[in-house]
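Within every chain, numbering begins at 1; the chains are lettered A, B, ... in the order of the sequence lines, protein sequences first and strands thereafter.
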Amino acid sequence: MSTFSGLNAAYSGLVAARQGLDVVGQNIVNAGTEGYTRQRVQTSAVGALGASTSFSLPRPGDGVAVTGIARLGDVYLDDRVQAALGQSSYWNTMSTIRDGLEASLNEPGENGLSSQLHSFWGAWQDLANQSGESAPASVLLEQGRVLASQIADGYHNAQAQWSSTRAQAEGMVGTLNATAEQIARLNGQIRSTIAAGGSANELIDQRSVLVEQASALAGATVVYNDDNTVNVIVGGSPLVAGTTARQLQLSGASTMEAAAADPVALVWSHRPAQPVPLDAGQLGAALAAMAPAATDGSRSGGAIAEQAEMYNRMATALADAVNPVHEGGVTPGGSPGGPFFAVASAGPAALGLSVVPSDVSQIATALPGEGGKGGGNADLIAQIGAQPGSPDDLWAGFVVATGVATSAADQQYKLSSQATTIAQNLRSSQSAVDTDEELTNMLALQRAYQGAARVMTAVDEALDVLINHMGLVGR
Amino acid sequence: MINRVTNQQLLYSAQRNLQNAMSEMGRLQDRVSSQKEITKPSDDPAAVANLLRVRQSMSANSQYSRNIADGQGWLNTIDSALSAVTSILHRARDLTVQGSNDGVLTPSQREAIASELDSLSDQLLAQANTSYLGRSVFAGNSDAGVAFQPDYSYTGSPGSSVTRRVADESAVRVDSDGTAVFGEGSSSMFQLLKDIASDLRSGVSIAGRIDQVDTQLNATLTEQAVVGSRLNGIEKAQSMNLDQSVALEAQRSGVEDADLSKAILDLKMQETSYQAALAVTARALPATLADFLR
């Protein structure tokens with residue numbers, strides 16, 4: 001046991017307390033930093049050098065040693081946040097898209113297609129009352145044109161929403177690729193820092209923020225490797241493996257019409273034929289919303305294309321409902337009526353709907369044999385709207401189905417964001433900084449520092465007695 | 001169970017609660033200012049299905065009310081035309097009775113009666129061509145412009161009628177068959193009066209003609225009764241239409257409109273809870289150990 005070992009032990013206490021205070025400082029200043037995980041100095045007592053022998057006294061330890069700075073995170077809680085984020089961002093994007101589609105219907109209200117349909121049928125009735133007059137006829141023709149253009153507007157709206165969703169998805173893929181590269185780079189830095197014995201806590205924090213971003217974008221999950229790197233998995237394959245990042249890209253058509261035959265899909269850049277299945281994240285929602293409409297009319301396709309398809313069906317249904325009745329009547333001049341609506345054979349029906357007659361003489365208002373001023377046929381057409389299976393019914397069914405789908409998506413979003421909130425709450429309970437706690441730690445470390453300094457003073461005084469005051473008695 | 005509560009948690013949950021309270025307040029404010037319970041289909045899809053149906057019925061109903069007004073115009077026009085026809089025929093009958101007093105009348109008196117009968121015939125023709133908003137009310141769906149040509153031929157097509165739809169399932173006939181009232185061509189009542197006049201002039205006894213005039217008078221009165229009952233029917237339809245529109249409006253309002261007093265109360269309550277949340281947040285958040293350490 002050396003004379004100065006007490007001083008050394010006290011010195012190690014001073015060092016440990018100072019480092020502890022540094023970490024407390026780091027924690028407090030980062031209390032508001034996104035993704036910061038609290039840290040704690042880990043210390044252990046240093047044992048005595050050499051064993052005591054029967055000729056010597058038992059020896060105390062040689063002070064305290066700082067063994068590391070621990071990052072008090074919890075991988076399990078991180079995983080939970082990532083999984084919840086993947087779901088809640090999916091439903092967030094989905095409900096935003098559905099809200100937009102729903103708002104474009106303008107239902108229920110004066111500006112919706114249903115009220116325009118009512119005006120259209122009403123105009124037929126007015127013409128039936130004053131058949132052969134040009135004023136109600138031109139009102140009817142105008143109402144028919146407004147109806148056609150409103151259907152076309154609805155279709156254009158869906159088209160625009162599809163294009164903007166496509167552009168957003170491109171942006172998301174770009175961000176995802178950049179995130180993957182950053183994660184791979186951080187993986188490398190973390191591995192070499194830890195291998196060199198340093199502390200990579202802040203780098204790990206940064207990496208987990210990026211991983212969360214990838215989860216929100218594409219529902220990415222994480223696999224932890226033994227060398228302190230992580231693999232990020234998207235759609236079953238690694239986006240990041242250790243220090244290597246792979247790239248994703250969008251394939252498929254860039255317009256809604258062309259996407260029916262060539263759907264938009266997420267693929268690996270190095271293997272463009274292989275689509276990546278996504279069922280979470282913003283990107284997953286955007287891809288699901290852009291999917292082509294179901295060909296069997298079951299409305300189970302992508303939300304945007306289904307809405308556009310609905311306008312096509314409305315256009316066809318209108319022509320199919322009005323034309324046969326119109327063709328069964330005769331014009332004021334006595335000649336048989338032609339079609340009232342024409343649907344262009346090329347392109348979407350919603351954009352190709354037009355009104356054929358140009359004036360009163362071409363509108364078949366009368367029933368055959370009724371006389372030139374007859375309005376029987378116009379009355380028949382006016383009744384179409386109230387019949388079962390009418391275009392009005394088709395539209396009402398669609399409005400209700402849209403409402404149900406939108407409220408379901410909103411509900412899903414609420415639930416999944418609650419799950420995210422709970423997961424984030426649990427994690428911040430574990431890993432966020434509590435300033436009260438840090439201040440308490442600070443007080444304890446302050447006292448430890450003072451105590452160690454006190455020990456040093458005591459040893460110093462003892463040595464002073466030994467060195468300066470020994471053997472002076474009686475001098 | 002969370003044992004460790006951090007500042008960040010408190011901050012986030014305060015933020016979230018304030019945000020929720022604010023968005024709820026926005027929703028309630030929207031409801032009060034628009035006074036609508038349902039502004040988009042997802043608010044209540046089932047109610048929206050109802051609402052669309054009610055709105056369709058409302059728009060059909062208001063269309064029917066326009067049809068009814070139009071039908072009333074037609075029937076009133078016919079009714080007054082038939083009243084005029086009846087009084088003309090009464091006068092014609094008086095003249096016929098007067099002219100049938102063979103041997104009493106001088107030729108000039110006969111001529112006077114004959115020429116009045118001629119003019120009555122012309123008046124009848126004018127009444128028969130009465131029109132409403134440019135349509136001859138006795139001509140059915142004919143587009144000839146008049147019901148009877150100057151040669152007393154009928155321009156309407158037999159069997160066709162003008163109807164107005166007054167409810168989903170009911171249409172009322174609003175015209176009157178010109179041939180049923182006035183006859184046609186040589187058997188028309190115009191020709192009858194002309195014939196009586198020419199008989200008078202040529203000295204043929206017209207005593208047998210009184211019955212023929214009576215027959216015409218009866219036909220007119222019968223038609224007027226029919227028109228009157230249709231007018232009655234259309235008035236009934238009008239009052240039903242009015243009831244219906246009130247009922248539909250009540251139905252629409254019940255589904256779509258917000259209960260204002262409840263909406264305002266809800267808003268006030270939400271305002272209070274928002275203010276409470278603000279006050280609590282302001283008090284709770286800044287307190288840390290640092291405030292008490294020296």
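In terms of heavy-atom pairs under 4.5 Å with chain B, the best-connected choice from A:G32, A:G109, A:A386 is A:G109. When each of A:D126, A:V399, A:V433 is checked for heavy-atom pairs under 4.5 Å with chain B, A:D126 comes out on top. Note on A:E102, A:M442, A:E107, A:R38: by heavy-atom pairs under 4.5 Å with chain B, the leading option is A:E102. Among A:L105, A:D99, A:T402, A:D392, the residue with the largest count of heavy-atom pairs under 4.5 Å with chain B is A:D392. Counting heavy-atom pairs closer than 4.5 Å to chain B, the top residue among A:D393, A:T435, A:L367 is A:T435. Ranked by heavy-atom pairs under 4.5 Å with chain B, the list A:G403, A:A396, A:A408 is led by A:G403. For the options B:R53, B:Q8, B:K40, heavy-atom pairs under 4.5 Å to chain A are most numerous at B:K40. Among B:L10, B:I38, B:N67, the residue making the largest number of heavy-atom pairs under 4.5 Å with chain A is B:N67.
Contact of B:T39 with chain A is made through the backbone alone, with heavy-atom distances under 4.5 Å. With a 4.5 Å cut-off on non-hydrogen atoms, A:S114 touches chain B through its side chain but not through its backbone. When heavy atoms are compared at a cutoff of 4.5 Å, A:A31 approaches chain B solely by way of its backbone atoms N, CA, C and O. Contacts of A:L443 with chain B are made by side-chain atoms alone, with heavy-atom separations under 4.5 Å and no backbone atom involved. Contact of B:A49 with chain A is made through backbone and side chain together, with heavy-atom distances under 4.5 Å. Only the backbone of A:T33 has a heavy atom closer than 4.5 Å to any heavy atom of chain B. Neither the backbone nor the side chain of A:Q424 comes within contact range of chain B; no heavy atom of the residue lies under 4.5 Å from a heavy atom of that chain. In this structure, chain B has a heavy atom under 4.5 Å from the backbone of A:A128, while its side chain stays farther away. Within the 4.5 angstrom heavy-atom criterion, no atom of B:S62 approaches chain A.
In this structure, OG in B:S42 is found 11.0 Å from CZ in A:R98, a value given to the nearest 0.5 Å. Remark: A:S131 OG to B:N141 CG distance equals 6.0 Å, nearest 0.5 Å. Here A:L439 contributes atom CG and B:F292 contributes atom CZ; the two are 11.5 Å apart, rounded to the nearest 0.5 Å. A distance of 14.0 Å separates CG in B:D175 from NZ in A:K373, rounded to the nearest 0.5 Å.
Proximity of a side-chain donor or acceptor of B:Q56 to a complementary backbone N or O of A:G385 within less than 3.5 Å is detected. The main-chain N or O of A:S429 is never found under 3.5 Å from a side-chain atom of B:T6 such that the two would form a donor-acceptor pair. B:R66 places no side-chain N or O within 3.5 Å of a backbone atom of A:G122 that could act as its donor or acceptor partner.
Using a 4.5 Å cut-off on side-chain heavy atoms (C-beta onward), B:L51 and A:P108 make contact. Annotation: side chain of A:N425 is in contact with side chain of B:Q9 (closest heavy-atom distance under 4.5 Å). A heavy-atom distance below 4.5 Å is found between the side chains of A:T440 and B:L289. When side chains are defined from C-beta on, B:R135 does not count as touching A:Q130, because their heavy atoms never get closer than 4.5 Å. Under the 4.5 Å side-chain criterion, counting only non-hydrogen atoms from C-beta, A:Q125 is in contact with B:Y64.
Between A:D379 and B:R165 there is a salt bridge, with a side-chain nitrogen of the basic residue lying less than 4.0 Å from a carboxylate oxygen of the acidic one.
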I would like to know whether B:R55 and A:H118 meet side-chain contact (heavy atoms from CB on, under 4.5 Å); could you show each step before the answer? CA-CA 9 Å; B:R55 276 179 182 276; A:H118 300 160; 4.2 Å; yes

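Around the CE atom of B:M240, the shell of radius 6.0 Å holds no more than 12 heavy atoms that belong to other residues, nucleotides or ligands.
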